[in-house]
Amino acid sequence: MVASFASSSCLSAATCIEEASARCRTVFPCRDYDLSATLTSGQAFRWNCRDAGWEGVIDARWVRLTSGADGIVAETASPGGDWAWLKGWLRVEENLAEILATFPDDQPMRAATTACRGLRLLRQDPWECLASFILSSTKQIVQIRQIVALLCERFGEPLDVPPGREPQYSFPTPERIATATEAGLRACKMGFRAPYLLAASRMIAGGELDLGALSAFSIADARARLMELPGVGRKVADCVLLFAYGFQEAFPVDVWVMKALRRLYFPRRRVAPKRLQRFTATYFGPYSGYAQQYLFHYMRVHRRADD
DNA sequence: AACCAGGACACAA
DNA sequence: TTGTGTCATGGT
C-alpha cells in the first residue's frame, strides 16, 4: 500500500488515499444473501465475525464483507481490480428464488428454506476446498477451523492486512505441503488425516491429478478422479464438487444430513445408506446440492437433545 | 464423563 | 455388496 502511494502520480496525499480506498472497496447489489448463514454453514472455514462484519481470506487477499442496504459491501487490503474474483466466489448473481422454487414442496424443505433464508453456496478454490475437507472427517466444524488456521499459519504466506488486524496467511499450495513432513502436519492437530493430506498434495503437485481440468468433466468422471486421492471418499468428493466446482447436483451425505434424511423422510424405518443416496439423486431436483445445504444448516441450527 | 464430530480405509463375512 | 474396528483430537 505504502509503495503504491509513493509510485502513484496523485497530486495530494488526501486524494491519493481516497482513490486507493475506492479501489479497495465495492458493493455487490443483491438481495436474499445471508452472509452469516453462508459463512458458518460448514462450506468455508476461514471466516470470523468482527464488528458486525465477516473477515477472511480468499486466494491471497484479506477480505471484509458486510451486509448493506444495497447489497454486500466488500473491503480488501489491496486494490480489488475488476472484482470478478470475488463476485464469482460469492455467486452474487445467482438467482436464489429460482433455485428454491425447484425444491420439492414438502414440509421439511419448507421449514429449512424458511429458517435459513439467504443461505447461499460459494464457489471456492478447488485445492483449498479439497484439502479442508480431507481434514474434516469426524471433526466438528470448530475443530476444522482450528486445523486449517494452524496449517495456514505454519505453511502459508503472510498477506497484506489493514492496520490493527491479526496477521493473515494464504492457504498453502499443494507444492508447499508436499515438502512438509507428516510430523509437521500432525503438529497442526490433524491427527490421522496428516498422511492423507500429505499424499494427496504430492499427487497434485506431481501432476498425477490436474484439479483445474476437472471443471470440464462430467460430475461422475470428476468424482471418480477426486476419489483416487487418499483420504477422499464419496462424501469429501461431493463437498468439493459442490463447493468448489459448482456441480449443483452433488449431494454430500454426512452424519447430519443422514440424520435429517432418516428423520424427515423415512421416520422409524430402517433404510440402507445406499438407498438413501439413490433417493437424494432423484428426489431433490436439479439443485439438490443446494437443498442438501439447507437441510444440513437447518439440522445444525435447530439441533435437538433427542438426537 | 461418556459420547460424538460435514469419514476413509483395510478387512471380514 | 454390507458390516466392523481403527485412526487423533477435543467440543458438548
Side-chain angles (χ1 to χ4, degrees), chain A residues 37-47 112 116 119-122 124 126 128-151 154 180-201 203 209 223-245 247 250-264 269-280 284 288-307:
Chain A
T38 301
L39 297 173
T40 64
S41 67
Q43 41 181 332
F45 303 101
R46 300 197 65 190
W47 293 84
C116 309
L119 173 62
R120 302 281 189 139
L121 287 178
L122 304 167
Q124 304 178 65
E128 174 171 345
C129 186
L130 170 63
S132 298
F133 277 98
I134 286 176
L135 300 175
S136 75
S137 65
T138 53
K139 278 294 182 191
Q140 299 183 155
I141 290 175
V142 282
Q143 288 182 282
I144 302 168
R145 294 166 52 82
Q146 184 191 16
I147 295 169
V148 169
L150 284 170
L151 184 69
R154 286 187 54 97
T181 63
E182 183 179 322
L185 293 178
R186 280 182 185 266
C188 300
K189 306 186 175 181
M190 63 184 72
F192 62 83
R193 304 155 195 82
Y196 293 154
L197 181 63
L198 188 55
S201 65
M203 285 178 65
L209 176 59
R223 178 186 291 127
R225 293 309 312 274
L226 287 172
M227 289 178 66
E228 291 174 6
L229 295 167
V232 181
R234 172 66 185 254
K235 190 270 172 182
V236 169
D238 277 352
C239 283
V240 179
L241 293 171
L242 184 61
F243 302 143
Y245 290 98
F247 284 103
F251 200 108
V253 178
D254 75 318
V255 293
W256 288 98
V257 173
M258 180 68 75
K259 208 182 306 181
L261 292 174
R262 288 193 196 282
R263 177 186 298 170
L264 301 175
R269 250 193 294 174
R270 67 167 194 85
V271 186
K274 190 182 176 187
R275 191 182 160 197
L276 276 177
Q277 190 71 257
R278 198 160 49 77
F279 172 73
T280 66
F284 292 98
S288 56
Y290 239 106
Q292 172 278 153
Q293 195 65 7
Y294 273 83
L295 285 179
F296 175 76
H297 197 242
Y298 177 65
M299 288 298 287
R300 279 177 37 81
V301 172
H302 295 88
R303 54 183 117 190
R304 294 181 293 184
D306 73 68
D307 243 10

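Here is the naming used below: chain letters follow the sequence lines, and residue numbers restart at 1 for every chain.
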Options B/dG6, C/dG11, C/dA8, nucleotide nearest the side-chain atoms of A/Phe243: B/dG6

So with a 6.0 Å cut-off around CZ of A/Arg269, is the heavy-atom count from everything else above 12? yes

Stacking of A/Trp256 on B/dG6 base (centres under 5.5 Å, planes under 30°): no

Can you see if the side chain of A/Lys139 gets near the phosphate of C/dC7 - specifically, an N or O under 4.0 Å from OP1 or OP2? no

Please give me the minimum heavy-atom distance between A/Pro126 and A/Tyr245, naming the atom from each residue. CB-OH, 3.4 Å

Selected nucleotide, minimal atom distance to A/Pro252 side chain, candidates C/dA8, B/dG7, B/dG6: B/dG6

Evaluate A/Leu261 against A/Val271 for side chain to side chain contact (heavy atoms under 4.5 Å, CB included), listing each step before the verdict. CA-CA 10 Å; A/Leu261 292 174; A/Val271 186; over 6 Å; no

Among the nucleotides B/dG7, B/dG6, C/dG10, which one has an atom lying closest to any side-chain atom of A/Gln292? B/dG6

Sugar-phosphate only, base, or nothing, as touched by A/Ser132 at under 4.0 Å among non-hydrogen atoms: nothing

Gap between atoms CG and P, on A/Leu130 and B/dA8 respectively (whole Å): 12 Å

Got a donor-acceptor contact below 3.5 angstrom from the A/Tyr294 side chain to the A/Leu119 backbone? yes

Distance check needed: B/dG6 C1' versus A/Arg303 CZ, whole Å only. 12 Å

Does A/Phe45 reach a base, just sugar-phosphate, or nothing at all? Heavy atoms under 4.0 Å. nothing

Starting from P on B/dG7, measure out to CD1 on A/Ile147 and report it in whole angstrom. 12 Å

Suppose you measure atom P in C/dT4 against the same atom in B/dC4; what distance do you get, rounded to whole Å? 16 Å

Every protein N/O lying under 3.5 Å from an N/O of nucleotides 2-4 of chain C:
none

Mind calculating the distance between CZ (A/Arg278) and C1' (C/dT1) to the nearest angstrom? 15 Å

Is the gap between the ring centers of A/Phe251 and A/Phe296 under 6.0 Å? no

What is the separation between atom CD on A/Gln143 and atom P on C/dT9, rounded to the nearest whole Å? 11 Å

Any chance you could measure A/Leu242, atom CG, to A/Gln124, atom CD, to the nearest 0.5 Å? 10.0 Å

Please collect all salt bridge (charged side-chain N to carboxylate O under 4.0 Å, His left out) contacts where either partner lies in residues 184-195 of chain A, sequence neighbours excluded, each pair once. A/Glu182-A/Arg186

Worked check of side chain to side chain contact (heavy atoms under 4.5 Å, CB included) between A/Met203 and A/Leu209: CA-CA 6 Å; A/Met203 285 178 65; A/Leu209 176 59; 5.6 Å; no

How many Å lie between CZ on A/Arg300 and C1' on B/dG6, as a whole number? 8 Å

What pairs of nitrogen or oxygen atoms, one from the protein and one from nucleotides 9-13 of chain B, lie under 3.5 Å apart?
residue : atom : partner  : partner atom : Å
B/dC9   : OP1  : A/Gly231 : N            : 2.9

Close side-chain approach of A/Thr40 and A/Ile141, heavy atoms under 4.5 Å: no

Is the phosphate of C/dC7, meaning OP1 or OP2, less than 4.0 Å from a side-chain N or O of A/Arg193? no

Rounding to the closest angstrom, what is the interatomic distance between C/dG5 and B/dG6 at atom P? 23 Å

Show, in sequence, the C-alpha distance, side-chain angles and deciding distance for A/Thr38 and A/Gln43, and conclude whether the side chain to side chain contact (heavy atoms under 4.5 Å, CB included) test is met. CA-CA 8 Å; A/Thr38 301; A/Gln43 41 181 332; 3.8 Å; yes

Rounded to whole Å, please give me the gap between CG in A/Leu198 and P in C/dC7. 20 Å

Please state the P separation for the pair B/dA8 and C/dG11 - nearest whole angstrom. 23 Å

A/Ala131 and A/Leu197: which non-hydrogen atoms are nearest, and at how many Å? CB-CD1, 3.8 Å

Separation of B/dG6 atom C1' from A/Gln277 atom CD, nearest Å, is 14 Å

For a quick check of understanding: with a heavy-atom distance under 4.0 Å over all strands, which category does A/Ser136 fall into, base, sugar-phosphate or nothing? sugar-phosphate

Nearest to the A/Lys235 side chain among C/dG10, C/dA8, B/dA8, which nucleotide is it? B/dA8

